[in-house]
Number of protein chains: 2
Amino acid sequence: MAAESKPSIGFVGLGAMGFGMATNLVNQGYHVKGFDVFPASVQRFQQAGGAAAASLVDSATDCPFYIVMVASADQVQEALFGEHGAVKALPQGATLLLCSTVPSSYAESVAKELQNVGRGDVFFVDAPVSGGTTRAANGTLTIMAGAEPEALEKARWLLQEMSDPKSLYIPGGIGSGSNMKMVHQVLAAIQILLSSEAMGFAARLGLDAQTTYEAINKSDTWCWMFENRVPRLIEEDFVPGASAITIILKDAGIITSMARLTDFPTPLSAAAEAMYLVALGQGMGRLDDASMVRLYYPEPVKTVKVEEPQAEKLELVFKLLRGVLICAAAEAVGFARFLGLDLHQFHELAANAAGGSVQFRDRGAEMIELLTGQKVAGTQTLPELDIGAVRKDLAEAISAARKANCPTPLASQALSLLATGERKGAKRGDEYYGLLV
Amino acid sequence: MAAESKPSIGFVGLGAMGFGMATNLVNQGYHVKGFDVFPASVQRFQQAGGAAAASLVDSATDCPFYIVMVASADQVQEALFGEHGAVKALPQGATLLLCSTVPSSYAESVAKELQNVGRGDVFFVDAPVSGGTTRAANGTLTIMAGAEPEALEKARWLLQEMSDPKSLYIPGGIGSGSNMKMVHQVLAAIQILLSSEAMGFAARLGLDAQTTYEAINKSDTWCWMFENRVPRLIEEDFVPGASAITIILKDAGIITSMARLTDFPTPLSAAAEAMYLVALGQGMGRLDDASMVRLYYPEPVKTVKVEEPQAEKLELVFKLLRGVLICAAAEAVGFARFLGLDLHQFHELAANAAGGSVQFRDRGAEMIELLTGQKVAGTQTLPELDIGAVRKDLAEAISAARKANCPTPLASQALSLLATGERKGAKRGDEYYGLLV
């Protein structure tokens, strides 16, 4: 868009993600008026070239585009519809992007409330994002945008400025973007905790942390969260948290509350949420989520007395990871299908985002093929998975963890899922998938 | 048995349970030679009228009856078959009672090893006990005895002296007693943690602890463990533990290792075990298991600032308990059936032991009737359970817990189980039972 014609953008929520997103737009040459309840955040934004808004009303005034990136549905409600909220100050026909992660039912309620307060003229887009602070600042987020076609058309250029290679347009209107983000967070919530479960297990086995980290990153048990979190886990880089436990806890809460609302079973997400809540109760809420390793191993993993030989023990960690990653893929794909989302789009999105893993890319694609009858684009046919062997391997890893007094809340629930499949007589990968998803 | 004809009894393992069992036999007029690795325990036993054995060999010498009540299979192995073990000193044709809680596979291995070391003459009985220290000291334990008929015949009088009203003879030979004890411990392991989950939830809701305790004991959500543990939980009577976390952790480990060995799913037992292991990692292993409440609520529950009104919140605690207790019954009955145990005998045993609950007595009996086609003796036909309502109630309780930042690892797994039933189209109690068990 040519500089002279660039419209003003209002922005509320200048936290870790929001600050990156807003300054990226500033760097693209837009006039961005930013607001946050913390004056220090507004000041920091001003120093980065943004315009400081004095209030929510000020942040919306004369801005035909408005972005909300606060932390929770409660905060969105206050920012938009509170006594001094932004909605009443939006220009006629403004476009409103809700980028916060919220339950889809909440996104739907925003659309209704806009009508109810006489602002049916606002073009509203439900547009949660994924990708972390670095991609926020680079304008290379993944955005899951759902809305009426006219609203999407209005918002397209702005979504493009913040995302790369392109935003995803989620069919189904308002709420679909939030649902897509939520099923992606099924993978994220499980795999963040799994990174600690695997590294705590490795420590209890007497494995060297750095060696384990590198070996897993090169293996079929790689996942994005593990690669991203474990350096902080090893260095005990927990304060201030790059991504606090309270953040993933909030997302886990969206998953399980949606599961309760729709009577869908999410045993792994629920197990992860329970662990995050235990950590919260121990006063760890503001620590980086990599500190979850504390509930598995009480000392820094760097202090482990390494015991040779390592190869066989490392194999046990792979076995634990593989079993959980496959069940995490099943829980996410199963929930996505249950909510009526486009599974092929979900695969494209999640395989390349923070929820990505080798197992999701490969075995998740097989699950989606089984459910839709259509091969996932860009995937190859792999040797058939012997899921009975995955189950036995997982059981072996859990036995070793138990001997080493290591809790395995995720691995144990994954094993129960696989054992349920075994009981029902499944023998092959696709039969199991049918039971799991 | 007349005093002059009373045979000598050897005894190893004078811990909390063993001390009570051995002194009870002394009080019944038997000559009991006791041994323990802790000399102080032997001395205490001597002060209570027992005979001090100088060694394992001494404890077995001239004793035609020998009782093992050490803490784990490893300890049993050392006590019986170690270099200075008791077996080689047992008189010809002695009767050996293994009362420790061990995996059934281990009990079977003891029978084999007796043959292998040339002591096929020993009459071996797999006889784990339940009932706690008071009933141990009173000779009113529940004993689950499995063995060849001749061995059971030999041991009968001694089992009677330790139990009341009668020992249970478990069909199926060696290992069956241990399996029966294990499925009982499914209820115990879940319901010990559930006591903390419910009281932690109550505290976070602002309920008065004592009022909650009394209300639950009078309700259909009563269970033996709750009534027994919660006074210690309220008074913070954790050191020394009347029943340490390590004890129930050991039993939970037997359950889940047997589940892994047989590919049976035990999601609630596994969730409980993970929490006990987290507590162990926090240095809580030797505390009373009522201290598990610390993982749910960080302060003493007596310090809760009580918020009126209480009735509606109390109802939420009932809802949480009811859902978990029904699923605990299903997990225990399902595993018992899977292992080929007599379900009617299991019901008789567990309904009246530490695993007992109103829900197990009533709805557990319905599950057994569904599986066996036979009504459980002494039970009445109840109004049909609306298990969809149980599920909705449980979801409501979990939502309230989540808002109060209370973890619900057991309730959440129970809900996933019930949601799986819902997904498969179950509408009535017996349809759900069919899916659960």
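Chain A is the first sequence line, chain B the second, and so forth, proteins listed ahead of strands; every chain is numbered from 1.
- Applying the side chain to side chain contact (heavy atoms under 4.5 Å, CB included) criterion to A:S72, with sequence neighbours excluded, gives A:D74, A:Q75, A:K250.
- Among A:G281, A:P267, A:S257, A:A279, the residue making the largest number of heavy-atom pairs under 4.5 Å with chain B is A:P267.
- Both the backbone and the side chain of B:L249 have a heavy atom closer than 4.5 Å to some heavy atom of chain A.
- Between the CD atom of A:E331 and the OG atom of B:S416 there is a distance of 7.0 Å, given to the nearest 0.5 Å.
- Between A:D263 atom CG and B:R391 atom CZ the span is 3.5 Å, to the nearest 0.5 Å.
- Among residues 401-411 of chain A, the residues having any heavy atom closer than 4.5 Å to a heavy atom of chain B are, in sequence order, A:R402, A:N405, A:C406, A:P407, A:P409.
- A:Q282 places none of its side-chain heavy atoms less than 4.5 Å from the side chain of B:P298.
- Only the side chain of B:L280 comes within contact range of chain A, with heavy atoms under 4.5 Å apart.
- Put simply, of B:L295, B:T262, B:L415, the one with the most heavy-atom pairs under 4.5 Å next to chain A is B:L295.
- Chosen from A:A270, A:S412, A:S399, the residue pairing most often with chain B at heavy-atom distances under 4.5 Å is A:S399.
- Contacts between B:E273 and chain A at a heavy-atom distance below 4.5 Å involve the side chain alone, from C-beta outward.
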